[in-house]
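Some notes on the structure that comes next.
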There are 2 protein chains.
Amino acid sequence: MDLFWMRGYEATSVRDLTQRLGIGQGSLYAAFGDKEGLYRAALEHYRTTLAADALRSLDEGADARSAIRTMLVGRVRIAVEDGGRGCLAVNAVCERLPQDASVRRTVRDMQDASRDALAEVLRVAAERGEIAARHDPHTQAAFLVTFLNGLLVTSKITPDAHALESLVEVALSTLD
Amino acid sequence: MDLFWMRGYEATSVRDLTQRLGIGQGSLYAAFGDKEGLYRAALEHYRTTLAADALRSLDEGADARSAIRTMLVGRVRIAVEDGGRGCLAVNAVCERLPQDASVRRTVRDMQDASRDALAEVLRVAAERGEIAARHDPHTQAAFLVTFLNGLLVTSKITPDAHALESLVEVALSTLD
DNA sequence: CGCATACTGTATCGAGCGATCCAGAAAGAG
DNA sequence: CTCTTTCTGGATCGCTCGATACAGTATGCG
């Protein structure tokens, strides 16, 4: 996962992978079928660890706004590491779409789950009057997911967590 | 440019390129040095045509808000073509960073120029009272550039111009 | 026209790719 | 302990990669 994350799919060779994993090529092919199978497994691992962690952190904040802020800032913190690694899912989308239907399906599912979780948080918060109901919760949530995609791209161009956090504040002002 | 745009750098072979261009490999290497030179030239061409057009459209709108809306929607319209090609610059960032310093420099320059142009439009608009001055124009402009990056990623995942335009409206509400 | 120069595209290079093969090691059963 | 089965990873496969060499063609000039 780390290797694909840092270098992308095409630029990572099977030999790079076996060397990092400390196994032979035969074992890799026995376990994952082919290079693409390992890539899919890496993306799935990313989804069930990194992305899922972020979603869980949504339910922990005192209020909706700070929960969302924490989630976004947390994703940024991971993305700026190692000189701007970004997000494996966003990198995968940019390198492999529109050709790779499997990546499209996986990442779409990931982001739909994020959007739905955000929409629920926003719905509850609007009901409580914590935030203004200027936008439909689903649209608002989709906006936040897309903005996060942007953050993860900009993290690669300029891996400056502090500068990115001030953009988060602008995005959160859509909740006022 | 089209080939790199659709398939990315690594997945596009020199033979693919010569075939599309209708020239021999010798000519390509004589003109551009190597594959990376052609890639840089393609990115530079993208910058001076697509990206520059978008900037020019900023000065045409009746008011700041509709000028920005038109610019964002125009970029989305191009990005959703061909099943979700996205943006060559964003694709380049995701595939080639953090390793490729040349791509980082070029795309950073492109986006800095966009941000500065947006900041100027926002500054003037705030002076005229067209928009609320809730945020510093530079921060606001940087937010819009990052949000646009997000739009261009989401264009690849779900190439639905109509759905993306409703996200633009949420982003524009930061101007209220 | 005739010669010098510039350029084009094909054939070819070594290297590295993804994938497979298979001898040998490890693990499990009796 | 021995025999059978499973698994491991290095050697090797055919192929395609990016890059180059070079013969053949077009071009410009006196």
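Residue numbers begin at 1 in each chain, while the letters A, B, ... track the order of the sequences.
Residue contacts for B/Gly37: at a heavy-atom cut-off of 4.0 Å it reaches no nucleic acid atom on any strand shown. Residue contacts shown for A/Leu28 are absent, as no nucleic acid heavy atom lies under 4.0 Å away.
In this structure, B/Leu17 atom CG and D/dT16 atom C1' are separated by 15 Å, rounded to whole Å. Between A/Leu3 atom CG and C/dG18 atom P the separation is 12 Å, expressed in whole Å. Distance CD (B/Gln25) to C1' (D/dT16): 11 Å, rounded to an integer number of Å. With rounding to whole Å, A/Arg15 atom CZ is found 13 Å from D/dC13 atom P. Rounded to whole Å, the distance from CD1 on B/Ile23 to C1' on D/dT25 is 17 Å. Rounded to an integer number of Å, the gap from B/Gln19 CD to D/dG18 P is 14 Å. One interatomic measurement links the two molecules: CD of A/Glu10 to P of D/dC17, which rounds to 10 Å at whole-angstrom precision.
Side-chain atoms of B/Thr70 come within 3.5 Å of backbone atoms of B/Ser66 as a donor-acceptor pair (strictly under, hydrogens ignored).
Using a cut-off of 4.0 Å between Lys/Arg side-chain N and Asp/Glu carboxylate O, B/Arg134 and B/Asp176 are scored as not salt-bridged.
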(request) Report the C-alpha distance between A/Arg40 and A/Thr106 in whole Å, list the side-chain angles of each, state the deciding distance to 0.1 Å, and finish with yes or no for side chain to side chain contact (heavy atoms under 4.5 Å, CB included). (result) CA-CA 9 Å; A/Arg40 281 194 295 268; A/Thr106 301; over 6 Å; no

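Dashed line: the shortest gap from a side-chain N or O of A/Ser13 to OP1 or OP2 of C/dG16 is not under 4.0 Å. Between B/Tyr29 and D/dA19 there is a side-chain N or O to OP1 or OP2 distance below 4.0 Å.
Relative to the ring axis of A/Tyr9, A/Lys35 places its NZ or CZ within 45° and under 6.0 Å from the centre.
Take the nearest nucleotide of DNA chain C for A/Asp16 and for B/Gly26: the residue whose nucleotide is more 5' is B/Gly26.
The side chain of A/Lys35 has C/dA19 as its nearest neighbour among C/dT8, C/dA19, D/dG18.
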